[in-house]
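All of these numbers come straight from a predicted model, not from anything done at the bench. Numbering of ligands and ligand atoms starts at 1, following listing order.
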Amino acid sequence: MTRYVATGWRLSLIQRISRRSVHQIKTPPDNAPTLNENDQWLDQLGHVPENNIPTTIKNPYKAFNPAKEIDYKVVETLGKYGNDVKLSSSLANFSSTNYLKQFNSHHHRQGYRQSNFQDTKIIHCKSGAGGDGCISFFRDANTRVGPPDGGDGGQGGSVYIQAVKGLNSLTKLKSLYVAPSGLAGQAEQLDGARGKDILIKVPVGSTIRWCLDPKVVKNTISELTGENVNLDATSMSLKDMLQQQQILLECMKTSSPGSPFNIKLSRDLEVIEDALKTWLFKDKSLEYHIEKQWFIDFNKKMKQYDRSLVFEERKKDVFPLYGIDLDTDTAGAIKLLEGGKGGLGNMHFLTSLIRNPRFAKRGRPGLEGWFLIELKIIADIGLIGFPNAGKSTILNKISNAKPRIGHWEFTTLTPSIGTVAPVLATDAGYDDTTFTVADIPGIVKDAHLDRGMGLEFLKHIERSKCWCFVLSLDNKDPLQDFETLINEVGGLQKVQEKEVLVVANKADLTGSPESVVRYERLAQFCQEQNWDILPISALENHNLDLLTHKMKQHVTDV
Ligand SMILES: Nc1nc2c(ncn2[C@@H]2O[C@H](COP(=O)(O)OP(=O)(O)OP(=O)(O)O)[C@@H](O)[C@H]2O)c(=O)[nH]1
């Protein structure tokens, strides 16, 4: 036993000694580009035409639907081909009143904040910088300074976003996402490790738009009003202020049918102007180098390398002006911000003229940006009605959702969505396909002026195929209620674009002859519009089966 241990100890000692001797007789690195290869590479850089920026740039986001058209004006056309433009557009397009109000207030729409539901979020994202190239020379017992063997810096981490099924709120999103930088290159031709990429998961039905830092927007507003404005108290005028304030944006034309322009995300473009800033030096300083003609010539050639690097970045560092609509679960993740490229190690700079390159390239900086994410729930049917009409009761009875019900107005402060699974007997057997119904907070007269809960929640039923208007027969004039609702949601024409189902709820309370007359007037109006109407009592379960069958017909009808 003892002998065993001793042998083990002796072996490891031998290993250590032999390792040291291997170190002493190590051969110079052989993965590094050779002097000839470096010479050729530099020569070829010198032949890249001065203006190497092509006229059209492929839009990396071509495959995705645009989120929302916005108003803009081209104020200046730049560049040789006129593809670079300066746009002016209203600040409101690059911020969110809804978000700003939450950002500033601790009591805004209490229930809305108390709940787990969040449908607007601004995220701040940063991609990682590239690692610096390494300055190192091969060394062993016999060679004091050998050929350069500094490896390249690693690529910085990128930020990705992906729409996934099964999520239904933005609550879990963080405010800040920072991808790590790439590590610096090392001696012995070792490249630095890449920074890890970050993947942000959002629910299907989210839209994502480039926006401004909310702090900047808040300061702008404060400057405009000359005071530290309480955004919540000025909610009405806040919207107008953002609308009136114009901002200038640098964009590029795109050839894709989605957004006509891409917003340029700014990475440091200084390198084109001042290539010297891209170098790292060791032993001998920048001052030493810039006096040497060989370095001046070499730096001039390397400028072409910087140009091609910046050109590659220009192709990727963009975001569509109209944003992206993640209305289906995307096959893969979308890159929002690309990490910086790692800098070249000094092994690339051994040439016939430079034997001791005591310099390497710095890594490229990362990108930074703010993005506004808005969730639009995708439900087949959207329930629209005045507060207290009975929408939550209906959803409660017909679906698996359990929204709050109360006899006071605005019990529903956040949208809820339920799945309805009626089993229908058809000629082909039983049809058990399901559909989804969304309940949103009640709409009141002048909701478009931000009264009540405003119209903020309407976006959740924007994409619903069918709108189901819920009216209370207990109200004085249900027809007038209906007309008010139609106006608030955008007018008759807009409603006519949808499948419409009208539900006259609380039919259990209609004992009097007047209430029958009220219902008949409503039914008459629906008939003129060719809309289906159904009296029900959600409380007493009257006509609920018929309601789900009708709903299903509206969802499945072509
Ligand atoms: N009599 C009677 N009462 C009903 C009926 N349906 C709902 N109610 C009552 O009406 C009140 C409001 O119902 P909710 O389902 O919360 O109404 P809502 O439209 O979701 O209201 P908000 O959340 O304010 O938008 C509750 O007290 C319900 O019990 C019905 O068919 N008949």
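- Close approach of ligand 1 to Asp508 is summarised as follows: ligand atoms under 4.0 Å from at least one heavy atom of the residue are 1 (N), 2 (C), 30 (C), 31 (O), 32 (N).
- Between the side chains of Gln246 and Ser88, at least one donor N or O lies within less than 3.5 Å of an accepting N or O.
- Taking Lys550 as the reference, Asp532 meet the side chain to side chain donor-acceptor pair (under 3.5 Å) condition, with sequence neighbours excluded.
- Below 30°, between 30° and 60°, or above 60°: for Tyr322 and Tyr72 the angle between ring planes is between 30° and 60°, a tilted geometry.
- The proximity of Leu509 to ligand 1, defined as any non-hydrogen pair under 4.0 Å, is limited to the side chain.
- Ligand-side atoms of ligand 1 in range of Ser537: 31 (O), range being under 4.0 angstrom from any heavy atom.
- Atom 10 (O) of ligand 1 has its nearest heavy-atom neighbour, among Lys397, Lys506, Lys391, in Lys506.
- Atoms of ligand 1 found under 4.0 Å from any heavy atom of Gly442 (numbered from 1 in listed order, with element): 25 (O).
- In this structure His542 satisfies the ring pair (Phe, Tyr, Trp, His ring centres under 6.0 Å) test with no other residue, sequence neighbours excluded.
- With respect to Asp474 and Arg518, no salt bridge is recorded, no charged nitrogen being found less than 4.0 Å from a carboxylate O.
- Residue contacts with ligand 1, taken as heavy atom pairs separated by less than 4.0 Å, involve Thr393 via backbone and side-chain atoms alike.
- Short contacts between ligand 1 and Gly390, defined as distances under 4.0 Å to a heavy atom of the residue, involve ligand atoms 7 (C), 13 (O), 14 (P), 15 (O), 17 (O), 18 (P), 19 (O).
- At a 4.0 Å heavy-atom cut-off, ligand 1 touches Leu539 through backbone and side chain alike.
- Where the criterion is an N or O separation shorter than 3.5 Å, residue side chain and backbone included, Ala507 fails it with respect to ligand 1.
- Around the CG atom of Asp71, the shell of radius 6.0 Å holds no more than 12 heavy atoms that belong to other residues, nucleotides or ligands.
- Within the 4.0 Å heavy-atom cutoff, Gly385 does not count among the residues contacting ligand 1.
- Considering each of Asn388, Ile384, Asp439, Val503, the one bringing a non-hydrogen atom nearest atom 22 (P) of ligand 1 is Asn388.
- In this structure, a donor-acceptor pair under 3.5 Å is present between the side chains of Gln496 and Gln529.
- In this model, a donor atom of one side chain and an acceptor atom of the other lie less than 3.5 Å apart for Ser392 and Asp439.
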